[in-house]
Amino acid sequence: MKLAHFFVGFFIIFSSTFSFSQDSISSWKHKNTVGFDLSEIAFVNWSAGGQSSVSGLLKGDFNRTYKRQNVLWFNELIVRYGVNKQDGVEVRKTDDVFRFNSTFGYRNDTLSNWYHTIKFNFNTQFTNGYNYPNTDFAISKPFAPAYTFFGMGAEYFNKEKKFVFYFSPLTLKNTLVLDKRLANQGAFGVEKAVYDTNGNIISEGKRTKTELGILVTNYYKKKLPKTLLLKIDLYCIPII
């Protein structure tokens, strides 16, 4: 429940804080997108076989942007949660995303498309993940893992943001595994626990892992016939 309270509280603070700013400061712009996808597949006397199923996906994308002269500050909260139910099979999770992105940029003059940029990114999930059909032990949990990226660099984009290029010569990546069992297993790249010959733990597994690297992000979007989008995104080269 505490984790659920965290997510709900984070969403309320994010929404109320930036909504207030939108009303009081004209430099703020906001965009909220919420959707729910529901699909059903039914097989009745179908000789080729198959399983009937129902799937649902709840998704939201909330943007808050501050732009004034040489300053640009973009914040984005992305949430997704999907489940699937098949005949004779328990409800299974199909998608689970909680992601927050924040980019602060400053340019030397209003004519330039280059910004000195600071980026922060946080990723985790809402509920436990399982290696179905085994639901006795979770293979992932909220904050196990969670990832944070923090970097400084330069970013270029045109007014329509159809092309974006970001380069950070210094990016800090942190991996969090706050569940004791998963940390002791060395899940998601953290250092696992050390055991003696009798299977007793000598030292607990690490719950964090820090990496320093170079981050390059390319984004190109083009509207094609039937609203197809072409995107190229995210490359990270660890150096430590």
Side-chain angles (χ1 to χ4, degrees), residues 1-15 31-63 76-101 121-149 173-193 204-209 226-234 236:
M1 291 300 294
K2 291 183 179 179
L3 290 175
H5 292 162
F6 167 82
F7 288 122
V8 173
F10 184 94
F11 173 76
I12 293 174
I13 292 173
F14 181 85
S15 300
K31 179 181 179 182
N32 300 321
T33 304
V34 178
F36 179 70
D37 298 336
L38 181 65
S39 61
E40 180 180 7
I41 301 175
F43 296 93
V44 180
N45 296 325
W46 179 247
S47 60
Q51 279 188 316
S52 299
S53 66
V54 178
S55 299
L57 175 64
L58 179 64
K59 53 189 177 181
D61 192 335
F62 309 93
N63 297 337
E76 180 181 40
L77 176 64
I78 299 172
V79 293
R80 290 201 308 270
Y81 195 83
V83 294
N84 174 266
K85 178 66 174 73
Q86 297 182 0
D87 285 344
V89 180
E90 74 279 5
V91 176
R92 298 183 177 185
K93 182 173 67 172
T94 57
D95 201 354
D96 190 355
V97 174
F98 181 93
R99 180 182 305 145
F100 175 70
N101 304 311
N121 174 272
F122 173 80
N123 292 285
T124 190
Q125 61 194 56
F126 287 99
T127 62
N128 294 351
Y130 298 95
N131 185 17
Y132 296 107
N134 183 2
T135 57
D136 294 330
F137 297 99
I139 60 173
S140 63
K141 295 183 176 183
F143 291 94
Y147 301 98
T148 64
F149 287 85
K173 175 187 175 184
N174 282 300
T175 303
L176 307 177
V177 182
L178 302 188
D179 180 78
K180 182 179 179 180
R181 178 179 59 85
L182 292 174
N184 286 339
Q185 292 176 355
F188 308 104
V190 298
E191 185 178 334
K192 64 182 180 180
E204 298 281 353
K206 301 293 184 181
R207 300 196 182 191
T208 63
K209 180 181 179 181
K226 297 184 180 179
T227 67
L228 294 177
L229 298 179
L230 177 64
K231 297 196 298 183
I232 304 172
D233 199 14
L234 198 60
C236 185

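Side-chain atoms are counted along with the backbone in the values below, which use heavy atoms only and exclude waters and symmetry mates.
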Looking at [atom1] of [X] and [atom2] of [Y], how far apart are the two atoms once the value is rounded to the nearest 0.5 Å?
X	Y	atom1	atom2	answer
Ser140	Asn128	OG	CG	7.0 Å
Asn32	Asn63	CG	CG	8.0 Å
Ser55	Gln86	OG	CD	7.5 Å

ask   = With Lys59, which of Asp95, Thr33, Asp37 fulfils side-chain hydrogen bond (donor to acceptor under 3.5 Å, both in side chains)?
value =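 By the side-chain hydrogen bond (donor to acceptor under 3.5 Å, both in side chains) criterion, Lys59 pairs with just one of Asp95, Thr33, Asp37: Asp37.
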key: side chain to side chain donor-acceptor pair (under 3.5 Å) involving Asn123 - partner list, sequence neighbours excluded   =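 Arg99, Asn121.
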inquiry  = Please check this pair: side chain of Thr124 against backbone of Pro142, looking for a donor-acceptor N/O pair closer than 3.5 Å.
reply    =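 Checking the backbone N and O of Pro142 against the side chain of Thr124, no donor-acceptor pair under 3.5 Å is found.
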request  = Tell me, yes or no, whether the heavy-atom count around Tyr132 atom OH, taken from other residues, nucleotides or ligands under 6.0 Å, exceeds 12.
outcome  =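 Counting neighbours around OH of Tyr132, more than 12 heavy atoms of other residues, nucleotides or ligands fall under 6.0 Å, so yes.
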query = Counting heavy atoms not belonging to Lys206, are there more than 12 under 6.0 Å from its NZ?
reply =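 No - once you tally the heavy atoms of other residues, nucleotides and ligands closer than 6.0 Å, there are 12 at most.
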Closest heavy-atom contact between [X] and [Y]?
X	Y	result
Pro145	Gln125	CD-OE1, 4.3 Å
Phe126	Asp96	N-OD1, 2.8 Å
Thr94	Val83	OG1-N, 3.5 Å

message = The test is side-chain contact (heavy atoms from CB on, under 4.5 Å); show your working for Val79 and Leu58 and say whether it passes.
response = CA-CA 8 Å; Val79 293; Leu58 179 64; over 6 Å; no
ask   = So, for Phe122 and Phe100, is the gap between ring centers shorter than 6.0 Å?
value =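 Between Phe122 and Phe100, the centre distance exceeds or equals 6.0 Å.
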Quiz: residues 177-191 side-chain donor-acceptor pairs under 3.5 angstrom, not counting sequence neighbours:
from, atom 1, to, atom 2, distance (Å)
Asp179, OD1, Lys141, NZ, 2.9
Asp179, OD2, Arg181, N, 3.3
Asp179, OD2, Leu182, N, 3.0
Arg181, NH2, Ala138, O, 2.6
Asn184, OD1, Gly205, N, 2.8
Asn184, ND2, Lys180, O, 3.4
Asn184, ND2, Glu204, OE1, 3.1

ask   = Can you find a side-chain donor-acceptor pair between Thr135 and Glu90 that sits under 3.5 Å?
value =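 The answer is no; no qualifying pair exists.
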task = Check the pair Asp136, Tyr130 against side-chain contact (heavy atoms from CB on, under 4.5 Å), reporting the backbone distance first and the verdict last.
result = CA-CA 8 Å; Asp136 294 330; Tyr130 298 95; over 6 Å; no
message = Among Thr127, Val97, Leu57, which residue satisfies the side chain to side chain contact (heavy atoms under 4.5 Å, CB included) criterion with Tyr81?
response =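 So, applying the side chain to side chain contact (heavy atoms under 4.5 Å, CB included) to Tyr81 and each of Thr127, Val97, Leu57, only Thr127 qualifies.
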